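Predicted, not measured: the structure shown is a model, and the values here were computed from it. Residue numbers start at 1 and run along the sequence shown.
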Amino acid sequence: MMKKITLFALLVLGCIYFTQTGVVAQTKQQTVSDIAQSDNIFYHTVERGQTIYSIATMYGVKVDEILKLNAMTDDAIKVGATLKIPQKKAVTKPVATSETDKSYIYHTIAAKETLYGVAKMYSVTGQQIIDANPGLSAATFSIGKNIRIPTNVKEKKTTEVVDKKKGKEVYYTVPEKETMYNICRTFKTTEKELLSLNPELAGGLRIGMTLRIPLRINVKDLPAEASETPRQVEEMLTAKPAVSPVDAARIALLLPYDAEKPNVTGGAMTRFIAYYEGILLAVDSLRKQGYSSEFFVYDIGEQTSKLKKLLIDKEEALKDVNLIIGGSSNEQIKLIADFARNNKVKYVIPFTQKNDEVLNNAYVFQVNTPKEYLYANAAYAGTNLFAKYNIIFLDTKDANDDRSDFIEEFKKELKERNIAFQDLTYNAAKFKSDISALLSTSKPNMVMPYSASLDALNKFRSTLRALNQAKPEYNITLFGYPDWQTTQYKECLDDFHTLDTYIYSLFFADNMNPGVKNFYNDYKKWYSKMPDPAMFPKYEMVGFDTGMFFLQAIKKYGADFEKEISNMKYKSVQTGFNFERVNNWGGFINTNIYIIHFDKDFRITRSEFK
């Protein structure tokens, strides 16, 4: 029988090992085919979920600068529109010695441009552009997309660096017709030593790779720079990612468990502990399948002092992990994200929706979809679902739970696709006659309230149900919010089914699903309890799904799993994953949402929107 673990034991464990968004800005929308790159501006094509704020943050400029440059009177933007972005002045300071020292300008890819041509335009190498844009590929090197151009890099193929502990090393960019034998002979090293410093070599030596090599020869004897040919540079965009095998995944979990207060219940600490418990179940589940891992757990407290000390004291250990998961506040997340970028360690932000690190940090994975992306995707999905319905938005004047920001996003999507909708303000005295006047008998009707609250639902649900039953030709459907699947709304369940209700959500667990049942069984065996039924989402499941997804990704695709993450398939118990890079140089946002259907046959189904 599986060993049970007490809460106290969970908290005191320090290290656990398991082996085995038109620009309405511009009157005439421009496209990249009729604009030219300038020293002062470049261009950005608006994508779903983006805001003026996120775009400004992405390029390190101010919102007001974008508004002024585009003669915009407000920050309303339209998907597919083109924005002028002010170009930051190129920095001519010395060569960067760390990731945070590096400086960039931006280039908008125009028709017929090639990577080789852009590299020559800015007097950099193709490899330097590839290094500055981890998401760059043949698919993303396309008209209208932007790339970063490094402005303070060395031009030599070999770059000398000094590490006080490891001695001198050089970075060497592999030229055409190079061989492992020749590299070892030239630099007086061995294939085993090169592989230990460059795990990506396990997938074979490739033109354009930048290798770390121990320096045992005089600098004057280093190989002369070999010019990149157009073919070599273009092949960098189509090179198949090398798999860097990982025998045992090394994961560091950094959360504010507050181990000094083990009896805290019902608050944030319960959430973090529940998440931890779920990750442990994932590790154990994969151990049974032959997956090996080393799992390190650190309590980082609620502020930043404990975390700062940890990042110094455990620097060498944390630099050596495949994945860091954790951080709660934006201050903690900033510290961990900077550490991850400087040390090239993948970093998962597990909880918050409100953080900007993902916009400029290629090593960040944001699990909890930012609200702007969630609303944009849910509005898009809702428009697809109800395009042929008579759509009615119901304003219940509920100031305590107003979702008008989502309603506005939904309306904007409907307007862009020329789909009509109606608005109704709730009036208790005449709601039945008011709504009846708007309902159609020639096509189905969809009603969506401005509020997700139970009070709002209680104002109109019984009337809609009665109308549906009295006049089936009304065919009324509800569209609603993630909150509606929590225990607080259990009294509405019959009405949800009668009204053929759909909701959007980041999370959904079907208690009848075998995978969910297995999770509950294993959880009870381990912890002699069941997850808190009132907690939403169930953080035990969030932790379990996160652990299962990333550990399997590391096992299948190796240390650089992010290069193949779009191919990663995982059937979740509650939390779905569809990670997409926000740009060619930033990190990944989880854009997956579920559409949950409470049908008239009293079944509940979920479908993924990607």
Side-chain angles (χ1 to χ4, degrees), residues 21 44-61 63 66 77 79 85 99-100 102 104 106 131-137 140 145-148 252-255 275 307 321-378 506 542 545-546 549-550 553 560-566 568 575-593 610:
T21 252
H44 176 88
T45 302
V46 179
E47 297 181 0
R48 192 175 310 284
Q50 292 180 338
T51 64
I52 289 290
Y53 172 78
S54 68
I55 293 168
T57 303
M58 187 183 298
Y59 297 114
V61 298
V63 169
I66 297 179
I77 54 178
V79 173
I85 309 294
E99 289 292 320
T100 52
K102 291 180 180 177
Y104 306 92
Y106 297 88
D131 291 342
N133 299 272
L136 198 57
S137 67
T140 61
K145 292 289 188 180
N146 288 324
I147 54 176
R148 296 196 304 188
L253 192 60
L254 282 58
L255 290 175
Y275 183 86
L307 175 59
V321 300
N322 300 113
L323 194 70
I324 295 175
I325 304 175
S328 174
S329 67
N330 283 337
E331 294 77 14
Q332 289 181 338
I333 290 169
K334 172 65 175 172
L335 288 170
I336 301 172
D338 284 347
F339 179 91
R341 176 171 53 196
N342 289 331
N343 294 286
K344 296 180 169 50
V345 177
K346 314 303 184 300
Y347 169 41
V348 174
I349 302 175
F351 304 117
T352 185
Q353 290 180 296
K354 301 176 181 179
N355 191 270
D356 302 326
E357 293 302 317
V358 70
L359 298 174
N360 287 292
N361 190 327
Y363 296 90
V364 168
F365 295 80
Q366 189 158 345
V367 169
N368 210 347
T369 310
K371 185 177 74 172
E372 295 79 12
Y373 283 85
L374 172 63
Y375 281 2
N377 287 336
L506 291 172
V542 177
D545 282 329
T546 303
F549 180 86
F550 283 101
D560 298 323
F561 62 88
E562 76 280 2
K563 297 175 182 177
E564 296 281 1
I565 200 163
S566 62
M568 182 67 193
T575 312
F577 300 105
N578 183 52
F579 285 102
E580 297 181 359
R581 276 200 192 270
V582 293
N583 49 51
N584 277 320
W585 58 92
F588 295 83
I589 283 177
N590 180 19
T591 61
N592 185 81
I593 64 169
K610 295 183 179 181

Colleague: According to side-chain hydrogen bond (donor to acceptor under 3.5 Å, both in side chains), who are the partners of N146, at least two apart in sequence or on a separate chain?
Modeller: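 side-chain hydrogen bond (donor to acceptor under 3.5 Å, both in side chains) list for N146, sorted by chain: Y59, T108.
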Colleague: Tell me every residue that passes side-chain hydrogen bond (donor to acceptor under 3.5 Å, both in side chains) with D545, counting only those two or more places apart in sequence or in another chain.
Modeller: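 side-chain hydrogen bond (donor to acceptor under 3.5 Å, both in side chains) check on D545 returns Y570.
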Colleague: Using modelled atom types only, decide if a donor and an acceptor are shared between the side chain of N377 and the backbone of N592 within a distance under 3.5 Å.
Modeller: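 Looks like no, no N/O pair under 3.5 Å.
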Colleague: Look up atom CD1 in I55 and atom CD in E47, then write down how far apart they are to the nearest 0.5 Å.
Modeller: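 So the CD1 of I55 and the CD of E47 are separated by 9.0 Å.
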Colleague: May I have all residue pairs that pass salt bridge (charged side-chain N to carboxylate O under 4.0 Å, His left out) and include part of residues 358-371, sequence neighbours excluded?
Modeller: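 Residue pairs passing salt bridge (charged side-chain N to carboxylate O under 4.0 Å, His left out), neighbours aside: K371-D405.
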Colleague: Counting C-beta onward and ignoring hydrogens, is there a side-chain heavy-atom pair between Y347 and N361 closer than 4.5 Å?
Modeller: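 The answer is no, as the side chains (C-beta and beyond) never meet within the 4.5 Å cut-off.
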Colleague: Please list, chain by chain and in numerical order, all residues satisfying salt bridge (Lys or Arg N to Asp or Glu O under 4.0 Å) with E562, sequence neighbours excluded.
Modeller: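 Result, salt bridge (Lys or Arg N to Asp or Glu O under 4.0 Å) vs E562: K346.
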Colleague: Output all residues satisfying side-chain contact (heavy atoms from CB on, under 4.5 Å) with A553, sequence neighbours left out; order by chain, then residue number.
Modeller: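 Expected list: F561, M568.
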Colleague: In the structure I gave you, are the side-chain heavy atoms of L254 and I336 within less than 4.5 Å of one another anywhere?
Modeller: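 Yes. Closest side-chain heavy atoms under 4.5 Å.
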Colleague: Say you draw a straight line from OG1 of T591 to CG of L374; how long is it, rounded to the nearest 0.5 Å?
Modeller: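 It comes to 10.5 Å.
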Colleague: Nearest 0.5 angstrom please: S328 OG to I333 CD1, how far?
Modeller: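 Spacing of OG (S328) from CD1 (I333) equals 7.0 Å.
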Colleague: Excluding sequence neighbours, so at least two apart, what forms side-chain contact (heavy atoms from CB on, under 4.5 Å) with D131?
Modeller: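 Per chain and number, D131 pairs via side-chain contact (heavy atoms from CB on, under 4.5 Å) with Q127, T210.
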Colleague: Shortest non-hydrogen contact from G327 to P350?
Modeller: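 In this case the closest contact between G327 and P350 is O-CD, 4.2 Å.
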Colleague: Which pair of non-hydrogen atoms, one from E357 and one from A337, has the smallest distance, and what is that distance?
Modeller: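 Looking at all heavy atoms of both residues, the closest pair is OE1-CB, 3.7 Å.
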Colleague: Can you tell if the side chain of L506 reaches within under 4.5 Å of the side chain of I593, non-hydrogen atoms only?
Modeller: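 When only atoms from C-beta onward are counted, I593 and L506 do touch, with a gap below 4.5 Å.
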Colleague: Taking the side chain as every heavy atom from C-beta outward, state whether T546 and T575 have any pair of such atoms under 4.5 Å apart.
Modeller: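 Result no, sub-4.5 Å side-chain heavy-atom pair not found.
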Colleague: Any side-chain heavy-atom pair from Y363 and N343 closer than 4.5 angstrom?
Modeller: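 Not in contact.
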Colleague: In Å and rounded to the nearest 0.5 Å, what is the OG1 to CG distance from T369 to N590?
Modeller: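 If I round to the nearest 0.5 Å, the distance is 4.5 Å.
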Colleague: Answer whether the closest heavy-atom distance between the side chains of I66 and I85 falls below 4.5 Å.
Modeller: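 I66 reaches I85 side chain to side chain.
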Colleague: Check whether Q366 reaches the backbone of Q353 with its side chain - one donor and one acceptor, N or O, closer than 3.5 Å.
Modeller: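 Checked: pair present.
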Colleague: Sequence neighbours excluded, which residues qualify as side-chain hydrogen bond (donor to acceptor under 3.5 Å, both in side chains) partners of N584?
Modeller: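 Here the qualifying residues are T140.
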Colleague: Measure from the side-chain N and O atoms of R581 to the backbone N and O of G586, and report whether any donor-acceptor pair falls under 3.5 Å.
Modeller: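 Between the backbone of G586 and the side chain of R581 there is a qualifying donor-acceptor contact (under 3.5 Å).
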Colleague: Test of understanding: with side-chain contact (heavy atoms from CB on, under 4.5 Å), list the residues that count as partners of E564, not counting sequence neighbours.
Modeller: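 Scan of E564 (side-chain contact (heavy atoms from CB on, under 4.5 Å), adjacent residues dropped) gives K240, P241, Y557, N567.
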Colleague: Within this structure, what is the CG-CG distance for the pair L335 and N330, rounded to the nearest 0.5 Å?
Modeller: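 Answer rounded to 0.5 Å: 11.0 Å.
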Colleague: Heavy atoms, side chains only, cut-off 4.5 Å: are F588 and E580 in contact?
Modeller: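 Result no, sub-4.5 Å side-chain heavy-atom pair not found.
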Colleague: Mind running side chain to side chain contact (heavy atoms under 4.5 Å, CB included) on Y104 and N360 for me, showing each step along the way?
Modeller: CA-CA 12 Å; Y104 306 92; N360 287 292; over 6 Å; no
Colleague: Restricting to side-chain contact (heavy atoms from CB on, under 4.5 Å), what partner residues turn up for S54, sequence neighbours left out?
Modeller: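 S54 satisfies side-chain contact (heavy atoms from CB on, under 4.5 Å) with Q50, T51, L359 only.
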Colleague: To the nearest 0.5 Å, how far apart are CG in N583 and NE2 in H44?
Modeller: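 Here the rounded value is 8.5 Å.
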Colleague: F579: what forms a ring-ring contact (aromatic ring centres under 6.0 Å, His included) with it, not counting sequence neighbours?
Modeller: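 Here the qualifying residues are F365, F549, F550, F577.
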Colleague: Return the set of residues passing side-chain hydrogen bond (donor to acceptor under 3.5 Å, both in side chains) with E331 (not counting sequence neighbours), or none when no residue passes.
Modeller: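 In terms of side-chain hydrogen bond (donor to acceptor under 3.5 Å, both in side chains), with neighbours along the sequence ignored, E331 is linked to S329.
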Colleague: Answer yes or no: is there a side-chain heavy-atom contact under 4.5 Å between F351 and L255?
Modeller: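 Counting from C-beta outward, F351 and L255 do come under 4.5 Å.
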